[in-house]
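Remarks on the structure that follows.
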Protein chains: 2
Amino acid sequence: MARKRFDDSNCSVARALNEVGDWWSLLIVLQAMYGTRRYVDFQQELGIAKNILCDRLSRLVDNEVLAKVNVGEHGARYEYRLTDKGRDLFPVVIALRQWGDKWNPAPNGSALDLRDRATGRPIGQMHVSDADGKPLTVRDVFLPEPADDAG
Amino acid sequence: MARKRFDDSNCSVARALNEVGDWWSLLIVLQAMYGTRRYVDFQQELGIAKNILCDRLSRLVDNEVLAKVNVGEHGARYEYRLTDKGRDLFPVVIALRQWGDKWNPAPNGSALDLRDRATGRPIGQMHVSDADGKPLTVRDVFLPEPADDAG
DNA sequence: AAATAGGGTTGCGTTACGAAACCGAATTGG
DNA sequence: CCAATTCGGTTTCGTAACGCAACCCTATTT
């Protein structure tokens, strides 16, 4: 039986996981945010199998998270670039990173050190907040249940 | 060959995905945020196979995202409750939800409507920001590459 | 001409996933 | 007290995904 998919789910989290909810896709997006654009570079830097990389890249392109651009002068040379949709995953990736740093610190103790390129200052901790910026926890928020299906 | 795992990865995103990076785990956490605590309720509300649910629940318990509590009066009745670590996934889930709502709106057009329980006001859009709250895009931030391995 | 790099595809074995069946303890109903 | 149902799983089995290695074609470099 096919792996469950949630294209038609009423829950946007489920639909989001449908596109980037597997082991590799978010890591590829992260790597793209590091500046990686070439197939071979993704392959070497992530240590991912080539067929899996092909599959994930084309799926991300299908979902318009990445754009495949032919940059070859004579023949074909491709770049996979983040789209606006892909760049919009930035908060997701950073939230995951901060969670991982907090609860599963690196074995070697190296800390998160993301900084504003312009000012050199570290980025702030992400939080859910109301319109005024007041932080909200899961208990403060009313989460309407989805209508009927998964998630 | 075994599915690649990233327990020892130098990248906190990879380590985070190691714990909640599969199809179901985040949906289970989300469901727990909705208030679900019982095995059967997870099973029915998510439509997940029982063996997969068992596996994911015990893995989430192992990773201390959920806590398994025996609430039985006479015999054994269990509840799976979010830990602090699990509740800390709130920004991740909300960021994913907002991304999904923006780029893959629900087929039926129903919008996100998360509100502060106290004030009744909707929650704000999540963003990466500097210490003063100034929003930062992926281009504004210097992302140090991990030392050597995946992600 | 040979070697190398880029961007894949194909085969094959192992692992994970999903559905359904089954199971023992606990609870509920009569 | 007995039967049926609920709870929280485990087992079995077929399919899908993953990971590796090998191969392939084109283009560039030596």
Side-chain angles (χ1 to χ4, degrees), chain A residues 1-7 9 14 17-28 31-32 36-63 66-81 149-151, chain B residues 1-7 9 14 17-28 31-32 36-63 66-81 149-151:
Chain A
M1 180 84 1
R3 166 171 272 165
K4 212 152 207 168
R5 288 273 154 73
F6 302 102
D7 315 274
S9 171
L17 288 175
N18 209 33
E19 299 192 353
V20 294
D22 68 299
W23 292 91
W24 283 114
S25 296
L26 258 192
L27 287 178
I28 292 173
Q31 198 66 42
T36 301
R37 297 179 163 193
R38 305 294 293 271
Y39 176 90
V40 286
D41 295 331
F42 282 111
Q43 209 246 308
Q44 289 180 6
E45 286 159 17
L46 290 173
I48 183 176
K50 297 173 77 172
N51 50 349
I52 306 298
L53 178 59
C54 280
D55 179 75
R56 291 303 178 279
L57 284 175
S58 58
R59 210 138 61 81
L60 288 169
V61 169
D62 286 347
N63 290 329
L66 296 177
K68 184 175 184 175
V69 183
N70 190 338
V71 295
E73 294 280 321
H74 312 293
R77 283 291 180 276
Y78 300 106
E79 281 189 2
Y80 295 88
R81 299 180 187 167
D149 53 357
Chain B
M1 180 85 1
R3 163 172 274 166
K4 211 153 209 168
R5 288 273 152 75
F6 303 103
D7 315 274
S9 170
L17 289 174
N18 210 33
E19 297 191 354
V20 294
D22 67 300
W23 291 93
W24 284 114
S25 296
L26 259 191
L27 288 178
I28 291 173
Q31 198 65 43
T36 301
R37 295 179 165 195
R38 305 293 293 271
Y39 176 91
V40 285
D41 295 332
F42 282 111
Q43 209 247 309
Q44 289 180 5
E45 286 159 16
L46 289 172
I48 183 176
K50 297 173 79 174
N51 52 348
I52 306 298
L53 178 59
C54 280
D55 180 76
R56 292 303 179 279
L57 285 175
S58 58
R59 210 136 63 79
L60 288 169
V61 169
D62 286 346
N63 290 329
L66 296 179
K68 182 175 183 175
V69 183
N70 191 338
V71 295
E73 294 280 322
H74 311 294
R77 280 294 179 274
Y78 300 106
E79 282 189 1
Y80 295 89
R81 299 180 187 167
D149 52 356

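Chain identifiers are assigned alphabetically (A, B, ...) following the order of the sequence lines, protein sequences preceding nucleic acid strands; residue numbering begins at 1 within each chain. Side chains are part of it too, since the values below use all heavy atoms of this structure and drop only hydrogens, waters and symmetry mates. Please read all numbers here as calculations on a predicted model, not as lab measurements.
- With salt bridges taken as basic N to acidic carboxylate O contacts below 4.0 Å, none links R37(B) and D41(B).
- Put simply, the residue from K50(B), Q31(B), R56(B) that forms a side-chain contact (heavy atoms from CB on, under 4.5 Å) with F42(B) is Q31(B).
- In this structure, the nucleotide among dG6(C), dT10(D), dG8(C) sitting nearest to the side chain of Y39(B) is dT10(D).
- At whole-Å resolution of the value, CD in Q44(A) and C1' in dT4(C) are 13 Å apart.
- Between the P atom of dG8(D) and the CG atom of L60(B) lies a distance of 16 Å, rounded to the nearest Å.
- The shortest distance between the side-chain N/O atoms of W24(B) and the OP1/OP2 oxygens of dC17(C) is not below 4.0 Å.
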Quiz item: Along nucleotides 24-30 of chain D, 5' to 3', which nucleotides get a B, which get an S, and which get a -, given that the test is a protein heavy-atom distance under 4.0 Å?
Solution: ---SS--

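- Contacts of D55(A) with the nucleic acid, taken as non-hydrogen atoms under 4.0 Å apart, are absent.
- Without hydrogens or angle criteria, Q43(B) side chain to A49(B) main chain gives no donor-acceptor distance under 3.5 Å.
- Following rounding to the nearest Å, Y78(A) (OH) and dG6(C) (C1') show an atom-to-atom distance of 10 Å.
- With sequence neighbours left out, R38(A) forms a side chain to side chain donor-acceptor pair (under 3.5 Å) with no residue at all.
- Remark on DNA chain C: of its neighbouring residues N51(A) and E79(A), the 5'-side contact belongs to E79(A), judged by nearest-heavy-atom nucleotide.
- Between the CD atom of Q43(B) and the C1' atom of dG18(C) there is a distance of 12 Å, rounded to whole Å.
- Following rounding to the nearest Å, I48(B) (CD1) and dT10(D) (P) show an atom-to-atom distance of 14 Å.
- Between the C1' atom of dG6(C) and the CG atom of N70(A) lies a distance of 12 Å, rounded to the nearest Å.
- Listed nucleotides dC7(D), dG19(D), dC17(C) differ in distance to V40(B); the shortest reach to its side chain belongs to dC7(D).
- Closest to the side chain of Y80(B), out of dG9(D), dC18(D), dT12(D), is dG9(D).
- One interatomic measurement links the two molecules: CD1 of I52(B) to C1' of dT12(D), which rounds to 13 Å at whole-angstrom precision.
- The two residues V20(B) and L60(B) have their closest heavy-atom pair at CG1-CD2, 4.3 Å.
- As rounded to whole Å, 15 Å separates atom C1' of dT9(C) from atom CG of L57(A).
- Nearest approach of N18(B) to R59(B), heavy atoms of both residues: O-NH1, 3.8 Å.
- In this view, R77(B) satisfies the salt bridge (Lys or Arg N to Asp or Glu O under 4.0 Å) rule with no residue, not counting sequence neighbours.
- Picking from dC7(D), dG6(C), dG18(C) the nucleotide with the shortest atom distance to the side chain of R38(B) gives dC7(D).
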